[in-house]
Amino acid sequence: MSKSVAGFDWITILIYLLLVGFGWANIYSASLGSGSPIDFFNMDAPYSRQALFIALSIFLIILILSIEAKFYQRFSSVIYATSLLSLAGLFVFGSTIAGQTAWYQIGSVSIQPAEFAKAATALAVAKYLSGIQTNIKDFKHQLRVFLIIALPMILVLLQPDAGSAMVYFSFAFALYREGLHFAYLLLGFFAAILFVATLAFGPLWVIGAILLIAILVYLKNRKRRPNILKYLFFAAVAVGFSLSVNYVFENVFKQHHRDRFNIVLGKEVDSRGIGYNTNQSEIAIGSGGLFGKGWTEGTQTKGHFVPEQHTDYIFSTVGEEWGFLGSTFILALFILLMLRLLYMAERQRSTFNRVYGYGVIGIIFMHFLVNIGMVIGIFPTVGIPLPFLSYGGSGLWAFTILLFIFVKLDSDRMSF
């Protein structure tokens with residue numbers, strides 16, 4: 001290695017090890033059936049395969065930290081282009097599982113390139129925004145960086161994998177930090193609220209609320225003689241968007257997406273069908289109480305009542321077996337990790353390093369927020385893993401690469 005190991009941020013590394021270790025312990029528990037024998041050499045068991053994935057992750061960490069830090073900036077465009085090719089190649093060489101053409105099958109191992117494309121996109125965004133002539137406040141440069149983010153997002157959406165595609169909105173954190181006008185974030189937030197409100201209450205109530213808000217804001221500012229056409233324009237755009245929601249919902253969204261939204265909004269009750277996973281997850285978490293039932297002692301977990309519990313629903317195992325205290329510990333680790341990454345990002349001398357750091361924070365935060373929200377029933381089921389805890393080689397390796405590239409960049413921050 002080019003520098004002493006003392007230069008690495010060991011707080012971040014320790015949190016990573018704690019999350020991965022705790023994740024394996026819960027995957028192990030979720031993999032066991034009632035009275036099933038323990039066999040660490042049985043590679044059909046998820047806990048054995050995850051142990052192998054973790055061992056290979058250690059190799060990846062050593063490789064990433066051994067490479068010169070400037071390599072990641074110098075070859076970011078090549079890495080990004082390669083990731084786009086890997087996503088496009090799925091439509092020719094990919095395997096279709098559960099209706100999604102999202103994996104390359106290599107022997108008994110399935111590789112999901114969408115997971116790795118997030119780190120590649122973070123590198124590409126950092127490379128572009130760190131250019132000497134790039135000004136994020138310039139509309140031309142905004143369009144270019146939006147295109148960098150949109151290309152992999154569209155390819156992932158075509159698989160179709162709406163959950164992974166949604167993660168690309170997390171790059172808004174990095175763009176905002178570098179000077180993108182707050183109006184873009186506000187507009188996106190307002191559009192999301194308007195979309196959900198229209199589905200929940202219907203377009204007529206929402207349009208009435210829009211017009212009432214526009215009138216009240218205009219009356220409040222009337223002494224300043226505001227341009228009434230501006231208020232009419234924004235009200236018309238909001239009304240038009242609200243009127244288009246039902247069409248988009250019925251003609252663009254897949255049936256299972258519509259079902260999941262309807263369940264979360266309380267418009268459907270389906271505890272045995274599309275809402276079964278979430279319902280069983282809530283039961284498992286609620287049954288854990290304050291201290292939990294104990295490791296490998298969760299009745300919902302041992303009975304496999306929660307489908308895919310060792311993958312996207314791993315947090316339900318945490319809630320049942322480790323209780324409120326264990327769940328709080330995991331949440332605290334994630335919050336501490338993101339705060340630490342934020343501190344690391346702000347101490348960078350290089351724009352490339354800082355933008356990449358914010359990209360890492362955004363991706364981890366989006367996965368964390370959506371996965372936990374999905375498991376406890378406040379978000380629709382979209383199928384994205386909980387970083388470092390959920391079962392899967394592609395997810396673990398991708399998050400390991402994403403995180404440790406930043407650890408390497410941070411260790412050499414003085415040389416940029």
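Computed from a predicted model, the values in this text were never measured in an experiment.
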Can you tell me which residue pairs pass the salt bridge (charged side-chain N to carboxylate O under 4.0 Å, His left out) test with a partner in [range], sequence neighbours excluded?
{"range": "residues 145-159", "value": "none"}
{"range": "residues 104-116", "value": "Glu115-Lys118"}
{"range": "residues 85-94", "value": "none"}
{"range": "residues 132-155", "value": "none"}

Item to check | Lys/Arg N to Asp/Glu carboxylate O, Asp410 vs Arg347, below 4.0 Å | outcome: yes
Show me the donor-acceptor pairs within less than 3.5 Å that the side chains of residues 369-380 make with the rest of the protein, sequence neighbours left out.
from	atom 1	to	atom 2	distance (Å)
Asn371	ND2	Asp312	O	2.9
Asn371	ND2	Ile384	O	2.8

Can you tell if the side chain of [X] reaches within under 4.5 Å of the side chain of [Y], non-hydrogen atoms only?
{"X": "Ile149", "Y": "Leu175", "answer": "yes"}
{"X": "Arg413", "Y": "Met344", "answer": "no"}
{"X": "Lys408", "Y": "Ile67", "answer": "no"}
{"X": "Ser327", "Y": "Trp322", "answer": "no"}
{"X": "Leu143", "Y": "Leu147", "answer": "no"}
{"X": "Phe22", "Y": "Leu18", "answer": "no"}
{"X": "Ile27", "Y": "Ser31", "answer": "yes"}
{"X": "Phe352", "Y": "Leu409", "answer": "yes"}

Next on the checklist: Can you give me the closest heavy-atom contact between Ser316 and Ile285, atom names plus distance?
Outcome noted: CA-CG1, 3.7 Å
Item to check | Minimum heavy-atom distance Tyr104-Ser86, with the two atoms named | outcome: OH-O, 2.6 Å
Going by the angle between their ring planes, with limits at 30° and 60°, are [X] and [Y] parallel, tilted or perpendicular?
{"X": "Phe8", "Y": "Trp10", "result": "perpendicular"}
{"X": "His310", "Y": "Tyr391", "result": "tilted"}
{"X": "Tyr47", "Y": "Tyr28", "result": "perpendicular"}

Item to check | From Phe399 atom CZ to Leu402 atom CG, the distance as rounded to the nearest 0.5 Å | outcome: 7.0 Å
Donor-acceptor pairs are to be reported for all side-chain atoms of residues 328-341 against protein atoms at under 3.5 Å, with residues two or more places apart or in another chain.
from	atom 1	to	atom 2	distance (Å)
Thr328	OG1	Phe324	O	2.7
Arg340	NE	Asp9	OD1	3.1
Arg340	NE	Asp9	OD2	3.1
Arg340	NH2	Asp9	OD1	2.6

Report, one line per pair, each donor and acceptor closer than 3.5 Å where one atom sits in a side chain of residues 357-366; sequence neighbours left out.
from	atom 1	to	atom 2	distance (Å)
Tyr358	OH	Glu346	OE2	2.4

Which donor-acceptor pairs under 3.5 Å do the side chains of residues 120-132 make with protein atoms, sequence neighbours left out?
from	atom 1	to	atom 2	distance (Å)
Thr121	OG1	Ala117	O	2.7
Ser130	OG	Ala126	O	2.8
Ser130	OG	Lys127	O	2.9

Next on the checklist: Which residues pass the side chain to side chain contact (heavy atoms under 4.5 Å, CB included) test with Phe59, not counting sequence neighbours?
Outcome noted: none
Checklist entry - With sequence neighbours excluded, what pairs up with Phe182 under the side chain to side chain contact (heavy atoms under 4.5 Å, CB included) test? => result Tyr176, Leu185, Leu186
Checklist outcome for this item: Sorted by chain and residue number, the ring pair (Phe, Tyr, Trp, His ring centres under 6.0 Å) partners of Phe71 (sequence neighbours excluded) come out as Phe75
Checklist entry - With distance as the sole criterion, is a donor-acceptor pair present between the side chains of Thr101 and Gln159 under 3.5 Å? => result no
Item to check | Thr311 side chain to Ser390 side chain, donor-acceptor N/O pair below 3.5 angstrom | outcome: no
Next on the checklist: Using a 6.0 Å cut-off, check whether atom CZ of Phe91 has over 12 heavy atoms from anything other than its own residue.
Outcome noted: yes
Next on the checklist: Run the salt bridge (charged side-chain N to carboxylate O under 4.0 Å, His left out) test against Asp161 and tell me which residues pass, sequence neighbours left out.
Outcome noted: none
Item to check | Ring centroid separation Tyr16 to Phe404 under 6.0 Å | outcome: yes
